[in-house]
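Before any comments, here is the structure.
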2 protein chains.
Amino acid sequence: MSKDSAEGASTRTGIKAVAALAGVGIASVSRVLSGQPGSSPQLTQRVLDAARQLGYAPNALAQGLRRRATRSIGFVGSDITNPLIASIVSGAEGVLSLAGFSVLLTNSGGVASVDAERIEVLLQRQVDGLIVLPALEDDPATLAALRNTKAPVVLIDRTLPEDIVAHYVLSDHYRGVGDAARHLLASGHRRIGLVVGRDVRPTRERIRAVEDAFDGLGVARDLLVHRGMLSAEHGEAALEEMLAGDAPPSAVILGGNQLLEGALRVIHRRGLRLGIDLSLVCCDDVPLSRFHQPPIATVMRDPDLLGKRAAELLLGQLETPSAVEPVCLPTWFEPRASCGTWSEKIPTKTAAKIPGTRRRRAAASTDLVRE
Amino acid sequence: MSKDSAEGASTRTGIKAVAALAGVGIASVSRVLSGQPGSSPQLTQRVLDAARQLGYAPNALAQGLRRRATRSIGFVGSDITNPLIASIVSGAEGVLSLAGFSVLLTNSGGVASVDAERIEVLLQRQVDGLIVLPALEDDPATLAALRNTKAPVVLIDRTLPEDIVAHYVLSDHYRGVGDAARHLLASGHRRIGLVVGRDVRPTRERIRAVEDAFDGLGVARDLLVHRGMLSAEHGEAALEEMLAGDAPPSAVILGGNQLLEGALRVIHRRGLRLGIDLSLVCCDDVPLSRFHQPPIATVMRDPDLLGKRAAELLLGQLETPSAVEPVCLPTWFEPRASCGTWSEKIPTKTAAKIPGTRRRRAAASTDLVRE
DNA sequence: TTGAAAGCGCTACCAC
DNA sequence: GTGGTAGCGCTTTCAA
């Protein structure tokens with residue numbers, strides 16, 4: 001038993017030190033500092049004074065243990081180094097920290113087994129909820145880990161088997177990529193290359209979108225799909241391979257922003273003129289892509305919003321659990337010179353980055369003219 | 001008192017459920033699962049079986065409370081959306097998670113008061129250590145928060161007053177920017193613009209580096225320093241202002257990667273030819289900057305390594321606290337066409353991104369020829 | 001080698 | 001209104 005009958009000021013500033021200094025019971029301190037009603041003004045003041053005097057801050061571990069809630073959430077993503085993911089995390093963190101939640105961040109490096117392991121660690125840490133961007137949609141270990149918890153889970157851009165209880169924030173890839181494909185087809189392209197990642201929702205949606213674009217315009221499907229990692233290396237290899245084939249596509253859609261750097265290496269190496277020798281569309285914005293010569297046409301979305309919505313959804317579930325429809329956020333095609341005879345100038349106004357402006361969808365697919 | 005004398009299997013799988021199922025004492029379970037020696041093989045096996053059978057995972061909150069260590073660290077940065085910061089976080093997270101630590105991530109948005117508040121939150125959560133990139137080096141609230149803890153603190157690219165016990169991982173901005181400035185001066189530039197952020201170490205080092213470059217080459221100091229936020233908006237405003245002046249600089253160094261986008265807006269808007277009408281050097285890499293026409297000369301560093309070193313330093317302190325010299329990591333100037341008569345081609349090989357290659361310093365400043 | 005029991009710092013229940 | 005006190009799930013003496 002510690003020397004508790006003493007003045008208490010020397011103790012490692014816990015709640016009982018405050019109680020001792022204020023000359024009140026430990027429970028009263030807790031009540032006052034937790035903002036619970038039912039304490040006299042005097043007592044409240046005494047507690048507050050003592051707490052301030054001691055520089056007391058409650059131990060969140062003990063609170064969490066007792067309350068069975070930590071006000072922390074876990075985020076597991078593949079790679080925060082990808083600006084897309086970074087924006088999602090940033091959006092989520094903003095909402096969560098405003099709500100008094102902390103974020104435990106984890107990178108899986110896109111390895112499914114790591115996803116599973118990290119989810120488990122976060123659950124051990126008693127996070128109140130999880131935002132996950134798993135590498136795969138059907139990894140048994142990941143699914144098991146997810147099934148293993150009562151904490152609400154929000155998935156971003158992934159759909160899981162029905163038996164998993166989870167909530168979804170998705171992107172309408174179908175729309176943006178479809179618009180892009182229609183633009184290309186309407187510009188006269190007849191053979192389109194599509195570089196995609198593993199078999200997850202965005203990949204499936206993008207393929208479907210391009211296929212439907214062919215069908216919708218009555219053009220014979222001629223789609224080269226290249227699957228692999230969404231890395232610069234794979235972008236380089238994929239494009240190289242496509243172009244080296246017998247009948248290379250005249251237009252390529254990159255289903256991931258990391259692919260762009262690799263693709264550009266190929267393009268510069270081969271001395272291809274984008275928009276003339278080859279049309280290129282990238283999915284998801286990359287910082288300087290609009291300053292490239294020519295600017296890179298892009299299927300845009302608002303990743304920050306994705307993170308925000310995921311966080312809001314999660315907070316909502318913590319408040320009142322309920323079945324919720326998946327949230328699906330817009331995606332829009334921004335035609336730029338890399339995809340053909342498009343004369344858009346390089347942006348010169350700050351306005352180009354103002355959120356409100358960004359959200360609008362390009363009217364591209366409607367005001368096209370067949371060549 | 002809960003119904004504890006029963007079989008226990010129905011209890012919310014805590015350590016006592018495992019003990020009950022294994023038919024052993026609670027302490028033995030703890031010992032076995034914590035990997036402590038001194039348990040008979042049979043007992044060990046029984047505990048392991050029971051734990052597996054129940055899918056038991058220890059509650060990290062309770063462990064932390066008891067052990068007075070959480071195996072978690074807090075990271076407070078300005079904005080994870082900045083690829084530089086994202087890489088630092090990523091590097092740190094990699095090292096930490098390998099060591100069994102979790103990362104609590106926080107964004108301050110570059111607001112000093114938020115820094116302080118977030119540090120406090122993390123300390124309440126009993127993180128074992130802190131990696132901080134504060135907005136300011138002399139914010140009283142931040143300093144107070146930092147002084148307030150016994151947990152080791154590692155600062156990245158900042159130096160604090162001596163009375164704060166902290167460890168440092170710094171970048172040798174002086175070298176890289178100095179090389180850049182010498183390159184510019186040797187190329188004939190006589191008036192150099194420098195856009196920097198607030199008065200923190202990188203800013204001071206960069207200014208000093210350029211000044212010393214002037215002095216070292218015996219050129220009369222003609223340096224235009226523009227201070228502000230390191231944002232695209234400020235990059236745009238700063239460059240615009242510099243160019244609008246009576247005697248605009250012929251070369252500009254951007255002391256922050258976020259400035260580049262803004263600067264490029266000005267440059268494209270004005271139709272300036274980089275490397276001819278204006279020479280430009282950016283500090284810290286931006287994804288596509290080497291694919292820009294012309295490629296953007298850059299003062300490089302390895303931000304991932306910065307994060308790794310910070311994490312390693314922190315882990316070291318947790319193991320054995322000790323006074324440690326600040327770590328200072330290299331920075332190197334990569335001249336590219338944006339800074340003048342330089343004929344470097346756009347990279348065509350994947351090799352351009354291989355770490356080993358990156359680390360070497362450009363020999364730029366030595367093999368220059370006065371014009 | 002093993003287990004009982006004392007707390008880690010806090011909240012919430014209950015009696016005053 | 002206020003203050004004891006039980007106990008969140010765990011680790012760690014200490015005795016057996």
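Reminder, nothing fancy here: chain letters follow the sequence lines and each chain counts from 1.
For the pair L33(B) CG and dT2(C) P, the computed distance is 14 Å after rounding to whole Å. The interatomic distance linking R67(A) (CZ) with dC8(C) (P) rounds to 20 Å, in whole Å. Summarising the geometry, the separation between CZ on R125(A) and P on dC10(D) is reported as 14 Å, rounded to the nearest angstrom. Remark: C1' of dG7(C) and CD1 of I26(A) are 12 Å apart, rounded to the nearest angstrom. Taking atom CD1 of I15(A) as the reference point, atom P of dT2(D) lies 15 Å away to the nearest angstrom. Atoms OH (Y56(A)) and C1' (dT11(C)) sit 11 Å apart, rounded to a whole Å.
Distances shown here put every side-chain N or O of S30(A) at or beyond 4.0 Å from the OP1 or OP2 atom of dC10(C). For S34(A), a side-chain nitrogen or oxygen approaches OP1 or OP2 of dT11(C) to under 4.0 Å. One finds no side-chain N or O of Q63(B) lying less than 4.0 angstrom from the OP1 or OP2 phosphate oxygen of dC8(C). Proximity of Q36(A) to the phosphate of dA12(C): a side-chain N or O atom is located under 4.0 Å from OP1 or OP2.
Across dT11(C), dG3(D), dC8(D), the shortest atom-to-atom separation from the side chain of K16(B) is found for dC8(D). Comparing dA12(C), dC10(D), dC8(C) by their nearest atom to the side chain of R68(B) picks out dC8(C). Counting only heavy atoms from C-beta on, A62(A) has its side chain closest to dC10(C) among dG3(D), dC10(C), dC10(D). Proximity note for N59(B) (side chain, C-beta onward) versus dG9(D), dG9(C), dA5(C): the nearest is dG9(D). The side chain of L43(A) approaches dT2(D) more closely than any other nucleotide in the set dA12(C), dT2(D), dT11(D). In the set dT2(D), dC8(C), dT2(C), the nucleotide with an atom closest to the side chain of S40(B) is dT2(C).
Around the CD atom of E325(A), the shell of radius 6.0 Å holds no more than 12 heavy atoms that belong to other residues, nucleotides or ligands.
Toward the 5' end of DNA chain D, the nearer of the two residues A27(B) and L65(B), judged by each one's closest nucleotide, is L65(B). Looking at which nucleotide of DNA chain D each of R66(A) and G38(A) is closest to, the 5′-most match is held by G38(A).
Judged by distance alone with a 3.5 Å cut-off, a donor-acceptor contact links the side chain of R31(B) to the base of dG3(C).
Between the side chains of D304(B) and S87(B), no donor-acceptor pair of N or O atoms lies under 3.5 Å. For the residue pair R125(A) / S72(A), no side-chain donor-acceptor distance below 3.5 Å is found, with atom types taken as modelled. Inspection of the R118(B) and S97(A) side chains reveals an N or O donor paired with an N or O acceptor under 3.5 Å.
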Carefully, step by step, assess D49(A) and R52(A) under the rule salt bridge (charged side-chain N to carboxylate O under 4.0 Å, His left out).
CA-CA 5 Å; D49(A) 286 347; R52(A) 182 161 336 103; 3.7 Å; yes
